[in-house]
Amino acid sequence: MRPAATPQADSLLVTDIHTLAAVKPGPRRGSEMRDVPMLRGAAVLIRDGRIAWFGPQREAPLDEGLATLSASGGCVIPGLIDPHTHIPFAGDRSGEFVRRLAGESYLSILESGGGIRVTSEAVRAATVEDLVAENLPRLRRMLERGVTRVECKSGYGLAPEHEIKQLEAVRALAHSQPVGLVATYLGAHAVPAEFDGRPDAYLDEIGAESLLRQVAAGGLARFADVFCDRGAFTVEQARRYLERAAAAGLKLKVHADELAQIGASALAGALRAVSADHLERIDDDGIAALRSAGTVAVVLPGTSFFLGIEHAPARRLIDAGLPVALGTDYNPGSCMIESLPWIMAIACCQLRLHPCEVLTACTANAAAAIDEHTRAGAVAVGFDADLVMLEAPTVERWFYEPGRNQVRAVLRQGRVVYQRPER
Ligand code: NIG
Ligand code: FE
């Protein structure tokens with residue numbers, strides 16, 4: 001059926017799409033992740049920044065005055081979503097990177113006062129403007145690789161004023177460039193030096209009811225997150241902090257099962273967290289808890305690659321019927337990788353996920369992990385027209401050649417926000 005054809009200045013028809021990867025809205029569980037309709041010879045009609053229609057191009061309206069944009073015979077996918085980053089950060093830990101290559105572990109560096117505390121010093125010394133200036137180019141490069149939404153965390157301020165400063169930097173970044181940002185309050189990331197040996201006292205400060213309410217009510221963050229692991233916070237500490245955060249109106253995320261299995265994913269399930277992230281060491285209890293809570297499992301293969309630790313059992317998580325998302329974990333310590341397509345290649349070639357599973361993980365399910373799945377991450381009528389035009393004609397052809405950027409153009413809410421210069 002042809003859509004009603006009223007030519008409008010704010011309408012745009014994307015034409016000449018060889019394959020439209022029409023990812024369905026998330027969360028997509030288990031075997032659903034592989035089911036991505038591939039529409040050949042397609043077109044997409046955009047109105048007021050949203051998808052108004054999509055289907056075979058021969059059925060599309062071609063009324064005079066309707067602006068068109070050719071996909072030049074390439075594949076079109078929904079904008080990629082990175083549901084786990086530590087943007088905005090500052091500073092450099094390349095020295096630590098080399099120490100790890102020489103055999104020191106991430107955990108031993110963390111326990112000896114390095115790691116997160118080093119980045120914390122740099123973030124404390126930075127102003128909001130400094131953080132914006134350092135992180136704008138990162139978001140720009142992510143956009144050039146097809147990423148249209150990014151989750152950003154605090155967690156390097158480690159004191160109320162500096163945590164708030166980081167969240168204010170996220171807000172300023174959101175107003176300065178086209179990638180959509182969703183903020184997470186990660187006050188419980190590490191114990192700062194001035195609270196050495198007194199984690200509960202630190203959590204009382206960083207998880208104070210008044211502070212959490214200020215963060216939630218002021219719209220500074222949508223989520224609260226905690227690093228619940230060996231070398232960070234215990235399950236009991238995490239539980240108290242997260243319960244207070246939920247009472248203040250924040251939705252929950254947990255850094256779980258990255259370095260050790262201490263029951264963090266079981267906690268995420270028990271508290272009905274929106275996502276549990278990392279999961280390198282998840283066990284059967286954790287999987288069962290996430291499944292019954294409907295929590296999205298966010299797998300971060302770049303961290304395993306960068307730290308040289310085991311991968312999360314992504315295949316097992318999908319086969320257990322969970323909605324699995326993929327993210328970069330982009331941060332200066334455990335994964336200085338900003339390229340989501342690179343992470344997607346690792347997921348395909350090393351975790352043996354099917355390209356359609358990976359695409360779903362980085363669109364519909366990533367949207368679910370940041371609670372944006374009713375408007376983003378899919379090709380569906382009424383959804384934000386966030387679309388990526390690829391050089392490759394098909395999804396398979398795109399995944400097959402992971403080492404170069406195949407993004408030709410990016411649309412965000414119907415506007416062209418990136419176009420690759422002609423070569
Ligand atoms: O997700 N695991 C905790 N936090 C980060 C690393 C932060 C850092 O090392 O700066 C992560 O891996
Ligand atoms: Fe992380």
Side-chain angles (χ1 to χ4, degrees), residues 82-97 99-100 104-124 126 131 134-135 138 150-158 162-163 166 182-192 223-234 237-238 252-262 264-265 268 273 275-282 296-312 325-338 340 343 366 369-370:
D82 191 338
H84 184 136
T85 81
H86 291 262
I87 292 174
F89 55 83
D92 167 16
R93 279 158 58 193
S94 52
E96 197 178 282
F97 173 68
R99 276 165 66 191
R100 281 198 298 94
E104 274 185 79
S105 72
Y106 178 83
L107 186 56
S108 70
I109 292 171
L110 181 71
E111 285 176 338
S112 67
I116 293 168
R117 280 188 188 175
V118 174
T119 302
S120 179
E121 277 171 33
V123 166
R124 285 182 178 189
L131 289 173
E134 185 160 347
N135 289 280
R138 295 187 170 123
V150 171
E151 185 259 11
C152 295
K153 300 179 197 291
S154 68
Y156 289 120
L158 303 182
H162 295 295
E163 286 290 310
Q166 256 194 296
V182 169
T184 296
Y185 176 69
L186 178 58
H189 194 195
V191 178
F223 292 96
D225 191 352
V226 55
F227 187 13
C228 178
D229 215 313
R230 184 178 298 158
F233 296 99
T234 67
Q237 288 166 340
L252 306 182
K253 291 180 168 288
V254 183
H255 273 71
D257 308 339
E258 176 185 2
L259 306 173
Q261 173 48 247
I262 63 167
S265 45
S275 75
D277 302 43
H278 276 290
L279 310 177
E280 287 83 349
R281 293 165 188 266
I282 192 167
V296 179
V298 178
V299 170
L300 307 164
T303 308
S304 302
F305 172 79
F306 199 78
L307 292 182
I309 63 171
E310 67 192 293
H311 279 293
L326 289 161
T328 57
D329 196 21
Y330 186 23
N331 76 79
S334 68
C335 189
M336 192 62 168
I337 300 174
E338 63 189 15
L340 191 56
I343 304 306
I370 56 170

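Atoms within each ligand, like the ligands themselves, are counted from 1 in listed order.
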Quiz item: Would H255 count as a contact for the Fe ion (ligand 2), in the sense that one of its N, O or S atoms lies under 2.8 Å from it?
Solution: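 Checking H255: at least one N, O or S atom is under 2.8 Å.
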Practice problem: Would you sort out whether R138 and E338 count as a salt bridge (charged side-chain N to carboxylate O under 4.0 Å, His left out), showing the intermediate values? | Solution: CA-CA 7 Å; R138 295 187 170 123; E338 63 189 15; 5.1 Å; no
Exercise. Using distance alone, decide if ligand 1 has a nitrogen or oxygen within less than 3.5 Å of any nitrogen or oxygen in T119.
Key: no
Quiz item: So is there a nitrogen or oxygen of T303 less than 3.5 Å from a nitrogen or oxygen in ligand 1?
Solution: no
[atom]: which protein heavy atom is closest, and how many Å away?
| atom | value |
| --- | --- |
| atom 4 (N) of ligand 1 | H189 NE2, 2.8 Å |
| atom 11 (C) of ligand 1 | D329 OD2, 3.2 Å |
| atom 12 (O) of ligand 1 | S334 OG, 2.5 Å |
| atom 2 (N) of ligand 1 | E258 OE1, 2.6 Å |

Practice problem: Would you give the angle at the Fe ion (ligand 2) between H84 atom NE2 and D329 atom OD1, to the nearest 10°? | Solution: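 Rounded to 10°, it measures 80°.
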With heavy-atom distances below 4.0 Å as the criterion, list the atoms of ligand 1 near [X].
| X | value |
| --- | --- |
| Y156 | 7 (C), 8 (C), 10 (O) |
| I116 | 7 (C), 8 (C), 9 (O), 10 (O) |
| Y106 | 6 (C), 7 (C), 8 (C), 9 (O) |
| F227 | 2 (N), 3 (C) |

Examine distances only and state if a side-chain atom of [X] and a backbone atom of [Y] form a donor-acceptor pair shorter than 3.5 Å.
| X | Y | value |
| --- | --- | --- |
| Q166 | Y156 | yes |
| D229 | A260 | yes |
| E163 | G155 | yes |
| E280 | H311 | no |
| S154 | Y185 | no |
| R124 | G157 | yes |

Exercise. Could you tell me which N, O or S atom of H86 is nearest to the Fe ion (ligand 2)?
Key: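 In H86, the heteroatom (N, O or S) nearest the Fe ion (ligand 2) is NE2.
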Quiz item: In terms of the angle between their ring planes, are H86 and H189 parallel, tilted or perpendicular, with boundaries placed at 30° and 60°?
Solution: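 The rings of H86 and H189 lie parallel, inter-plane angle below 30°.
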Quiz item: Taking all non-hydrogen atoms of both residues, which atom of S334 and which atom of D329 are closest, and how far apart?
Solution: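 In this case the closest contact between S334 and D329 is OG-OD2, 3.3 Å.
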